[in-house]
Number of protein chains: 2
Amino acid sequence: MQLPDIIKNAVEALTKLPGVGEKTAFRMVLSMTRWRGSELQQVGEALIHLQDLSFCKECGVFCNDNICDICSSENRQTERSLCVVESVSDLMAIERSGQFKGLYHILGGVLNPLLGVGPDELRLNDLEERIKRREIAEIILAVNPSVEGDATCAYIRSLIDESVRVERIGFGVPMGGSLEYLDSMTITKALENRKKF
Amino acid sequence: MQLPDIIKNAVEALTKLPGVGEKTAFRMVLSMTRWRGSELQQVGEALIHLQDLSFCKECGVFCNDNICDICSSENRQTERSLCVVESVSDLMAIERSGQFKGLYHILGGVLNPLLGVGPDELRLNDLEERIKRREIAEIILAVNPSVEGDATCAYIRSLIDESVRVERIGFGVPMGGSLEYLDSMTITKALENRKKF
């Protein structure tokens with residue numbers, strides 16, 4: 001059976017979404033063929049409108065104006081603490097914990113020479129300027145543990161003035177984790193990072 | 001953190017897709033915020049264009065013209081056999097097997113009084129007319145086994161002239177299946193449907 005081009009195009013478009021393969025996309029499209037025109041219009045337009053999204057000039061998170069509510073908050077600024085994260089989802093994970101009260105800076109990835117991601121591809125240029133202007137005293141590198149993440153942290157440390165305290169988030173056994181099932185790298189880190197009890 | 005309306009709308013729109021909850025939709029939208037405008041435009045338009053899809057006047061499958069290539073095929077018509085299925089995906093599953101050479105008829109669901117699906121909601125009106133016009137001699141009810149499916153089959157049998165042979169697809173142990181893991185209903189059906197060996 002020959003599939004109509006309209007179906008093929010929709011399937012192809014949806015396979016670009018993360019976690020959606022050809023089979024899932026086809027199932028989605030099949031279900032959408034039973035939708036009303038207005039519903040299809042609504043979904044399509046909602047996705048097209050994503051290009052009108054504006055990003056915070058300070059931290060890089062998406063927001064309604066030029067500055068997000070975190071960067072414009074007085075309380076957040078007085079902390080003089082800046083948390084560097086890879087992505088919006090990492091920022092949101094930290095916000096969910098409710099433990100950090102300072103400002104954020106989204107890199108938009110980590111250095112990865114193999115994939116052609118150098119310092120210019122990350123939001124690093126305005127980091128130094130921001131640290132000076134906001135009088136940041138403490139930087140928390142909440143970059144995920146990986147070879148690329150470690151390199152990115154080392155690079156950021158080299159950029160920043162020695163007077164600023166730079167710290168990286170702790171690595172070890174996660175809450176609810178079981179040593180039995182953890183990988184050797186995590187256990188190595190947990191042993192390294194042990195604390196007086 | 002307050003999410004921009006553009007993000008909220010896109011997440012809400014995507015949760016309407018089958019198998020996509022709020023978390024998955026949000027992950028999709030987060031990834032789409034990194035897309036180029038032209039890519040977003042392409043996906044949005046591909047979905048909007050789904051409303052321009054035309055359906056075969058005969059069997060009800062989506063197609064490029066008024067009649068799909070199965071219904072317009074000479075070879076398919078000479079078989080005088082009609083396979084009644086619930087949905088396009090069921091039709092495609094049978095086509096993949098390559099074992100059926102006749103025509104199809106898509107019901108668009110099964111009778112379900114609790115969900116308000118009566119005979120008028122299914123594509124049943126033109127079924128009788130089609131059987132006469134196409135001189136169908138054999139009907140295969142490839143409706144999935146369920147209380148509603150059984151009722152739908154009984155209703156279709158009552159609609160159709162006694163001279164037409166009406167058969168339902170076989171139920172039993174699936175290929176590669178193991179009795180150990182099968183439910184009692186399937187084993188009951190398999191025992192009922194035993195054949196001389």
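The figures that follow rest on heavy atoms only: side chains count, while hydrogens, waters and symmetry mates do not. Not measured: the values here are computed from a predicted model. Throughout, protein chains are lettered first and strands after them, A, B, ... in sequence-line order, and every chain is numbered starting at 1.
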Looking at [X] and [Y], does any basic side-chain N land under 4.0 Å from a carboxylate oxygen?
X	Y	value
A/Arg165	A/Glu167	yes
A/Arg76	A/Glu95	yes
B/Arg168	B/Asp150	yes
B/Arg133	B/Glu58	yes

Report the option among [options] that has the most heavy-atom pairs separated by less than 4.5 Å from atoms of chain B.
options	result
A/Asp69, A/Val88, A/Leu91	A/Asp69
A/Pro4, A/Ala13, A/Gly44, A/Ala46	A/Pro4
A/Leu50, A/Leu14, A/Asn64	A/Leu50
A/His49, A/Gln41, A/Gln2	A/Gln41
A/Thr24, A/Leu30, A/Ile7	A/Ile7

Side chain, backbone, both or neither: which part of [X] has a non-hydrogen atom closer than 4.5 Å to chain B?
X	answer
A/Val20	side chain
A/Leu17	both
A/Asp52	both

Residue among [options] with most heavy-atom pairs under 4.5 Å to chain A:
options	value
B/Pro18, B/Ala10, B/Ser54	B/Pro18
B/Arg27, B/Arg96, B/Glu12	B/Arg27
B/Asp5, B/Ile6, B/Val61	B/Ile6
B/Lys16, B/Glu45, B/Gln42	B/Lys16

Interchain contact, B/Leu53 with chain A, by part (heavy-atom threshold 4.5 Å):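 Contact with chain A: backbone and side chain both.
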What part of B/Thr33 is in contact with chain A, defined as an atom under 4.5 angstrom from a non-hydrogen atom: side chain, backbone, both or neither?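 Both backbone and side chain.
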Would you check if there is a donor-acceptor pair between the side chains of B/Ser163 and B/Asp161 at a distance under 3.5 Å?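 A pair is found: one side chain offers a donor N or O, the other an acceptor, under 3.5 Å apart.
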Just so I know, are the side chains of A/Pro174 and A/Leu182 near enough to count as touching, which here means a heavy-atom distance under 4.5 Å?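 A side-chain contact under 4.5 Å exists here.
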Can you find a heavy atom in the side chain of B/Leu3 that is under 4.5 Å from one in the side chain of B/Phe26?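 The answer is yes; the side chains approach within 4.5 Å.
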Checking side chain to side chain donor-acceptor pair (under 3.5 Å) for the pair B/Thr15/B/Glu22: CA distance, chi angles, key distance, verdict? CA-CA 6 Å; B/Thr15 48; B/Glu22 205 163 328; over 6 Å; no
Only one of A/Asn125, A/Leu103, A/Ile136 passes side-chain contact (heavy atoms from CB on, under 4.5 Å) with A/Arg130; say which it is.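 Only match with A/Arg130 under side-chain contact (heavy atoms from CB on, under 4.5 Å): A/Leu103.
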